[in-house]
Amino acid sequence: MPAFSMKCYRVFRMDSNVVSALDNIKVVLVGTTHTGNIGSVARAMKTMGLSQLCLVAPKTVPDGQAYALAAGASEILAAAKTFETLAEAVADCALVVGSSARSRTLSWPMLDPRQCAKLAIAQSDKPVAVVFGRESSGLSNEELQLCHYHVCIAANPQYSSLNLAMAVQIVCYELRMAYLEHEPVPTDTELAAYPSSEQMENFYQHLETALQHTGFIIKQHPGVVMTKLKRLFNRARPEEAEYNILRGILTSMQRLEKVDSNTQKE
Ligand code: SAH
């Protein structure tokens with residue numbers, strides 16, 4: 001008997017490369033000020049087996065200090081992708097988790113790092129993003145609303161704000177633990193397909209336009225209806241088939257309006 005147990009880790013085939021679940025989980029840094037933090041994040045990622053780093057509107061591009069702190073993880077830094085907005089960085093993701101040290105005015109489904117990691121690994125057949133905010137002010141409410149869940153690292157309530165790279169290290173460690181423990185999914189089990197973040201944004205725009213046409217939302221005084229609806233749909237997490245039904249309903253409403261307005265004109 002071998003003294004170790006053979007475990008089958010989850011791998012996906014993407015274009016002819018074999019990619020592990022951890023390679024399908026992006027770490028997204030928004031508006032980072034200190035390049036040293038970006039380098040330390042790259043190192044935190046590599047030690048835990050992650051490789052996809054995205055930078056959203058960084059205040060400065062990775063410099064010598066970033067490479068010094070990345071140490072042996074310089075290739076992650078060199079391959080980091082830069083985006084202007086968070087929406088662009090997570091457009092292809094079906095699961096987006098935003099990390100925050102504080103609870104905001106608008107409550108959102110919360111996870112601890114362990115729950116976050118289990119969910120991310122379970123759903124990593126499609127790109128997943130874990131998003132980290134600015135050193136000075138974290139993520140804006142608008143950015144947090146792009147996320148399906150928020151993850152909070154339990155810390156001293158009197159001082160709960162970790163250094164950015166240390167927060168990334170804790171989440172990446174949990175991702176690694178979840179990856180190592182993950183039971184292989186039986187190949188005959190159908191995993192639910194979820195729409196990407198970009199598809200959901202298109203749906204919200206479609207919904208807002210339809211609700212403006214019906215007069216439920218007044219363009220000049222939109223209020224918080226869309227924010228509440230986004231929270232509702234984020235909580236429900238429609239699957240791809242349900243998403244198509246929702247889009248179909250909106251299109252049918254708009255078709256009806258056109259018929260009505262044509263009838264009124266006649
Ligand atoms: N001063 C900021 C915190 C910045 S720390 C604020 O008050 O929001 C930089 C980033 O590290 C945060 O945006 C968050 O993504 C992450 N972070 C720091 N502490 C955290 C914690 N306790 N739980 C979850 N994320 C945390």
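Note that ligands are numbered from 1 as they come in the structure, with each ligand's atoms numbered from 1 the same way. Predicted model only: the values in this text are computed from it and were never measured.
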### Task
Any chance you could lay out the salt bridge (charged side-chain N to carboxylate O under 4.0 Å, His left out) test for Lys118 and Glu181, step after step, and finish with the verdict?
CA-CA 9 Å; Lys118 286 188 174 151; Glu181 280 164 17; 5.1 Å; no
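- At a 3.5 angstrom cut-off on N or O pairs, Gly133 counts as close to ligand 1.
- For atom 23 (N) of ligand 1, the candidate residues are Ile153, Leu144, Asp112; the nearest heavy-atom contact is made by Ile153.
- In summary, the atoms of ligand 1 found under 4.0 Å from a heavy atom of Cys152, numbered by their order in the structure, are 23 (N), 24 (C).
- Closest of all the heavy-atom pairs between Pro127 and Lys26 is CB-CE, 4.5 Å.
- Closest heavy-atom approach to atom 1 (N) of ligand 1 within the set Ser160, Ser136, Gly138: this belongs to Ser136.
- Proximity annotation for atom 18 (C) of ligand 1: of Leu162, Asn163, Leu29, Val168, Leu162 comes nearest, heavy atoms only.
- Contact detail for Ala21 and Ile121: the closest heavy-atom pair is CB-CD1, 4.3 Å.
- Those atoms of ligand 1 with a heavy atom of Phe132 less than 4.0 angstrom away are 15 (O).
- Short contacts between ligand 1 and Ser99, defined as distances under 4.0 Å to a heavy atom of the residue, involve ligand atoms 14 (C), 15 (O), 16 (C), 25 (N).
- Of all atoms in ligand 1, listed by their number and element, those nearer than 4.0 Å to a heavy atom of Val151 are 24 (C).
- Counting the atoms of ligand 1 from 1 in the order shown, those under 4.0 Å from a heavy atom of Glu135 are 1 (N), 2 (C), 4 (C).
- Salt bridge absent: Glu242 and Arg247 never bring a charged side-chain N and a carboxylate O closer than 4.0 Å.
- Using a 4.0 angstrom heavy-atom cutoff, Met166 does not count as in contact with ligand 1.
- Closest non-hydrogen pair, Val41 versus Ala165, comes out as CG2-CA, 3.8 Å.
- A distance below 6.0 Å separates the ring centres of Phe233 and Phe203.
- Distances from atom 3 (C) of ligand 1 to the heavy atoms of Gly98, Ser161, Cys116 put Ser161 nearest.
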### Candidate pair Asp92 and Ser196, rule side-chain hydrogen bond (donor to acceptor under 3.5 Å, both in side chains), full reasoning
CA-CA 5 Å; Asp92 61 340; Ser196 68; over 6 Å; no
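- In the hydrophobic cluster analysis, where Ile, Leu, Val, Met, Phe, Trp and Tyr join through side-chain heavy atoms closer than 4.5 angstrom, Met110 is grouped apart from Val131.
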